[in-house]
Chemist: 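Quick one: this structure, given as structure tokens, is what I'll be asking you about.
Just the heavy atoms: all of them, side chains too, but no hydrogens, waters or symmetry mates, feed the values below. Letters A, B, ... mirror the listed sequences (proteins, then strands); counts begin at 1.
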Amino acid sequence: MDYNFNEIEPKWQNYWREHHTYRCVNQSDKPHYYVLDMFPYPSGAGLHVGHPLGYIASDIFARYKRLRGFNVLHPMGYDAYGLPAEQYAIQTGQHPAITTERNINRYREQLDKLGFSFDWEREVRTCDPQYYKWTQWTFVQLFNHYYDKELDKARPISELVKQLESGTLPTEGDKRWAEMNEGERQDYLMNFRLAYLADIPVNWCPELGTVLANDEVVNGLSVRGGYPVERKLMRQWSLRISAYAQRLVDGLEEVDWSDSLKEIQRNWIGRSEGAAVWFPLDIKLNADILPGLQAYINQGEPQPVPSFEIFTTRPDTIYGVTFMVLCPEHELIDIITVPEKRAEVEAYVTWAKNRSERERQAEVKKVSGVFTGAYAINPLTEERIPIWVSDYVLSGYGTGAIMAVPAHDSRDFAFARHFNLPIRQVVATDPQNLTDPSTWTESLDSKTGYSVNSGFVSGMKVKDAMAAVIDKIEEMGVGHRTVNYRLRDAIFSRQRYWGEPFPVYYKNGCPFTLPEECLPLLLPEVSEFKPTATGEPPLGHATRWAWDEKNRCVVENTKIDDITVFPLELSTMPGFAGSSGYYLRYMDPHNDQAYFSAEAVNYWQNVDLYVGGAEHATGHLIYARFWNKFLFDIGLSVKQEPFRKLVNQGMIQGRSNFVYRSKEDNNLFLSKNIPGREENTVPIHVDINIVNNDILDIEKFRQWRPEFAHARFQLEDGKYICGWEIEKMSKSMFNVQNPDDLVARYGADTLRLYEMFLGPVEQAKPWDTNGIEGVFRFLKKFWKLFENSSDTPADSASLKLMHQTVKKITDDIERFSFNTSVSTFMICVNDLLAKQTVSTQIVEPLTILLAPFAPHIAEEIYHRLGHNTSVCQAVWPSYDEKMLVEDNFTYPVTFNGKMRFTLDLPATASQQEAIAAVKADRRGQKWLDGKEPKRIIFVPNKIINIVI
RNA sequence: GCGGAUAUGGCGUAAUUGGUAGCCGCGCCAGACUUAGGAUCUGGUUCUUCACGGAGUGGGGGUUCGAGUCCCCCUAUCCGCACCA
């Protein structure tokens, strides 16, 4: 009987489902292992071909670990909230819950066909109230905690309040806690909460009534609709992820991730060490401007005169400062600008503020700025330094103000050149030979060299000068050593419908969280998914959706004039909210008392292996680490890092095929290698499903589209050869390969093996089915091998081969090298098929080895070999080292380093035997020349290196 | 511009981690079987050469008895960040 995957695969998929083969329990004598995939967003297009790659790899590993005797947690779920379902809802009126449900069912169907060993009883969906209850709960915790910089962890905000009340902690700012009213106190606490409301500059589109992400805005117009977009300060929820910046950097040391991914995260967090320095203002203190400067007088370092703070990573260059620059958003601009410059400065600030992020990025090289007419004093040199405004200084980083050292910073250099400001050299690689900086074409940014023209640090190495200057400014009380991070707080509100509602209501404009027992706050039904006419987010359509404080419940259609009923937050949470803690929920998915139980998390700890795309490096993987660290601080999570080992599966690109249409004759198509084809034809994308190994199926092509019905061809060797190119996988390029088609044609086992055979899991590669036949042939051979097997005892050659295969496959899986595993299987089967008959003693262990890769065929053979339990309950075969050794090897022999001859030796030979063999050899005698070898370097199977 | 990675036959890749480069598969060539084949089997396939031989892991240098592998300098491609002081 032939290998009939059509019969085998559904049979065992049903068997596994009925027998709950992959059910996983939270207690076991076995060691535990948690294998996790990044859960998919169920898009309408179905499972995308890149997804199975990672799922197959993790499934192989999960199955392998089970066979090695581990209790394996291998769950799957859906990141079900998201924009596409909502956009579809706006266009069609179809509720996103319905489309999402439909897409999930389609995903599930596709996943089931591939034979994954997920424990579906643990499935989570981010849009399920039983799940998002805990997303909301975590938000409430974030709101109720602050970051204690002393203890370096999150603590309840109530403890901060206690300290403020007792006066052990003074308030920052002009008012003391005791003097504040309730509203002021809430406002003050908002500066500390880990989830907080604050005014943040956003891209606001008035026509669409929503905030847009930077990539949704082009040239100041919305991508959708082309409406004008303005930068606007808006009150938005944010997560104070920046408080965790240092711990997010430090944590990278202890995880087993690729260096490149760690590096991406390090860059994203952007830690840089430097100094904060206060520059006093040199202005006349008159009654007009004095109130505005109060904050600059009282705040921070105790300065008797108004000063402003800058951040620099190059304190050593402070003697080279020739101007200062403030960002256009800096509140000091308004105060210090001299009257005669005011009009010019205001015009510039208005222009700069209205530029979109995109415009700003596109015109990075354009220098713009304006002089305020005001001056600062360099605290070390006491020079007067002009203060400028320019948008090359960003408000979101440092203090939004810099000291400019044009000689040693390329941006300051460009600015100085443009406005003809002085450039003063204070660092030189060769202090003896200074050149005139006004002749330079670029700044000297390097940190190697010596300080020059720099007062007391002149002559020091840059590194020493940095330390010396910081010491000096600390001593003078005008600054201090500090660290800055590029990481910004995460904006957490979206004016969308299809997301988690915030468990927040507003009382006198102040946000309060709902009590825990009232969670989840259900997403209300709305009549429309667009923003309301008054510009509220879609949740504004929920009629009088509100919190009834007296009855402690959420109400709708109520009279809002009731004084105990308060409006609820109308924004929803962003996509990363639901995905930041899902791996913890899988540990205990049905718990309705807690996010997850202490027992569950103590048992599973954290994810041992996480497989997913590197595109989440600066999104999900940062947020999830933050989320986990917070849960760790409040005693829920038991590990600082959620994902111990991470494997990034490579991106799958598309391999497009082309036909070449003649420029003269629209019905004539030339095969790729016909002379003159390049000049006389235009390439046209052709559906890859009617091309096999770059050979076009001519009949299918004629049927493909009416315009090709009468196509004629110039063939080569009777075939039409198509061209190809690696491109992004997309419908419009007809290069999307649907996994379903391949399963139908070759079976899931072949697809699984083939995806692994393509190349290393981590590597990006084009999708290409050219080699799938070879893998399919292998499975047919494996089947044949089983059919040829008999109960006769195994011969020693076969046994040896089997042991070698066990070792190789085991090693390959451990180091995640599945492509070489497939090769190993092929070699083994080809060797065994050359024999008349093969013992079932050999076939059975090979079947178990194959089970992680091709579970259906392995299950079928395992049962046919007489077992009535699943191959998943089998024991991974072990190997005997003695069986691996080759009998004889040819060794290259060298004397004093020179290669002389080769020698045959048994692999098990000892040093003495090796020396004896050399002595016995005629050439050996000649080179030894009667002398005894001093030392012999003898590596089995490698080399004999003899030192006389 | 900064940071990270990669580079091996016609193609995807492999190399016991410093030890005979090209395993395995695709494709191709030749042959067998077959009414037929998108089936199966056998042999060959880095380049060059009739052959003997020679060359060869993006290019150039170095370390080593020995380098695809380690070091330095280029080049190309891919990815991430991008006025982050």
Chemist: At under 4.0 Å, does any side-chain N or O of Asn830(A) touch on OP1 or OP2 of G25(B)?
Modeler: yes

Chemist: Considering only atom P, compute the distance from G31(B) to U77(B) and round it to an integer number of Å.
Modeler: 44 Å

Chemist: Looking at A85(B), C24(B), C26(B), which one has an atom nearest to any side-chain atom of Phe311(A)?
Modeler: A85(B)

Chemist: Taking the side chain of Arg745(A) as heavy atoms from C-beta outward, which of G80(B), A85(B), G38(B) is closest to it?
Modeler: G38(B)

Chemist: If we count only N and O atoms by modelled type, under 3.5 Å, do the side chains of Asp412(A) and Tyr392(A) hold a donor and an acceptor together?
Modeler: yes

Chemist: Would you indicate what Ile402(A) reaches in the nucleic acid, counting non-hydrogen atoms under 4.0 angstrom: base, sugar-phosphate, or nothing?
Modeler: base

Chemist: Is it true that Tyr485(A) and Gln246(A) share a donor-acceptor pair across their side chains at a distance under 3.5 Å?
Modeler: yes

Chemist: Looking only at the side chains, is there a donor atom on one of Thr618(A) and Tyr623(A) sitting less than 3.5 Å from an acceptor on the other?
Modeler: no

Chemist: Could you measure between the two P atoms, the one in G18(B) and the one in C70(B), and give it in whole Å?
Modeler: 8 Å

Chemist: Working note: Asp316(A) + Ser451(A), criterion side chain to side chain donor-acceptor pair (under 3.5 Å); need CA distance, chi angles, decisive distance, verdict.
Modeler: CA-CA 8 Å; Asp316(A) 60 299; Ser451(A) 286; 4.7 Å; no

Chemist: Reading RNA chain B from 5' onward, which residue's closest nucleotide shows up sooner: Asn819(A) or Lys781(A)?
Modeler: Asn819(A)

Chemist: Can you tell me how far C1' in U16(B) sits from the matching atom in C11(B), rounded to whole Å?
Modeler: 26 Å

Chemist: Which way is the base of U45(B) turned, syn or anti, if we draw the line at 90° from 0?
Modeler: anti

Chemist: When the C1' atoms of G38(B) and U48(B) are compared, how many Å lie between them, rounded to an integer?
Modeler: 36 Å

Chemist: Could you check whether Pro766(A) gets within reach of a base, just the sugar-phosphate, or nothing at all, counting any heavy atom under 4.0 Å?
Modeler: nothing

Chemist: Let's see if you can work this out: which of A85(B), C24(B), C41(B) has an atom nearest to the side-chain heavy atoms of Met826(A)?
Modeler: C24(B)

Chemist: With no hydrogens and no angle check, do the side chains of Ser821(A) and Thr824(A) hold a donor and an acceptor under 3.5 Å apart?
Modeler: no

Chemist: Of the listed nucleotides (G25(B), A15(B), G3(B)), which one gets closest to any side-chain atom of Thr820(A)?
Modeler: A15(B)

Chemist: Assess the side chains of Thr810(A) and Tyr879(A): does a donor N or O sit below 3.5 Å from an acceptor N or O?
Modeler: no

Chemist: To the nearest Å, give me how far apart CG (Asp409(A)) and P (C83(B)) are.
Modeler: 13 Å

Chemist: Could you verify whether a donor N or O on one side chain and an acceptor N or O on the other, from Ser443(A) and Asp409(A), lie under 3.5 Å apart?
Modeler: no

Chemist: Hey, does Tyr746(A) have a side-chain heavy atom less than 4.5 Å from the side chain of Glu773(A)?
Modeler: yes

Chemist: Given C24(B), A14(B), C41(B), identify the nucleotide with an atom nearest to the side chain of Pro760(A).
Modeler: A14(B)

Chemist: Let's see if you can work this out: which of G80(B), U17(B), A85(B) has an atom nearest to the side-chain heavy atoms of Arg815(A)?
Modeler: U17(B)

Chemist: Under a 90° cut-off about 0 for the syn range, is G10(B) syn or anti?
Modeler: anti

Chemist: RNA chain B in dot-bracket, Watson-Crick or G-U pairs under 3.5 Å, [ ] crossing, | other strand?
Modeler: (((((((..(((......[....)))((((((.......))))))(((....)))..(((((..]....))))))))))))....

Chemist: Would you indicate what Arg266(A) reaches in the nucleic acid, counting non-hydrogen atoms under 4.0 angstrom: base, sugar-phosphate, or nothing?
Modeler: nothing

Chemist: Using the side-chain heavy atoms of Asp391(A), tell me which of these nucleotides is nearest: G3(B), C83(B), A15(B).
Modeler: C83(B)

Chemist: Counting side-chain heavy atoms from C-beta on, which of C24(B), G38(B), C83(B) comes nearest to Ser823(A)?
Modeler: C24(B)

Chemist: Using the P atom as the point on both nucleotides, what is the distance between C28(B) and U17(B), in whole Å?
Modeler: 37 Å

Chemist: Kindly point out which of A85(B), G3(B), A82(B) is positioned nearest to the side chain of Arg486(A)?
Modeler: A82(B)

Chemist: With a 4.0 Å cut-off on heavy atoms, is Val775(A) in touch with a base, just the backbone sugar-phosphate, or nothing at all?
Modeler: nothing

Chemist: From CD of Glu787(A) over to C1' of U40(B), roughly how many Å is that when rounded to an integer?
Modeler: 15 Å

Chemist: Within the structure shown, what part of the strands sits under 4.0 Å from Arg488(A) by heavy-atom distance: base, sugar-phosphate, or nothing?
Modeler: base

Chemist: Report yes if at least one side-chain N or O of Lys765(A) is closer than 4.0 Å to OP1 or OP2 of G12(B); otherwise report no.
Modeler: no

Chemist: How far apart are the closest heavy atoms of Val427(A) and His408(A), and which atoms are they?
Modeler: N-NE2, 3.0 Å

Chemist: Looking at A15(B), A85(B), U40(B), which one has an atom nearest to any side-chain atom of Arg777(A)?
Modeler: U40(B)

Chemist: Does a donor on one side chain and an acceptor on the other come within less than 3.5 Å for Thr820(A) and Asp812(A)?
Modeler: yes

Chemist: Between A85(B) and Ser272(A), is there an OP1 or OP2 to side-chain N/O distance shorter than 4.0 Å?
Modeler: yes

Chemist: Could you measure between the two P atoms, the one in G59(B) and the one in U75(B), and give it in whole Å?
Modeler: 15 Å

Chemist: Between Tyr392(A) and A85(B), does any side-chain N or O lie under 4.0 Å from OP1 or OP2?
Modeler: no

Chemist: Can you check the Phe415(A) CZ to C83(B) C1' distance for me, whole Å?
Modeler: 12 Å

Chemist: Roughly how far apart, to the nearest Å, are C74(B) and C26(B) at atom C1'?
Modeler: 35 Å

Chemist: Take atom P in C78(B) and the same atom in G27(B), then report the distance between them in whole Å.
Modeler: 29 Å

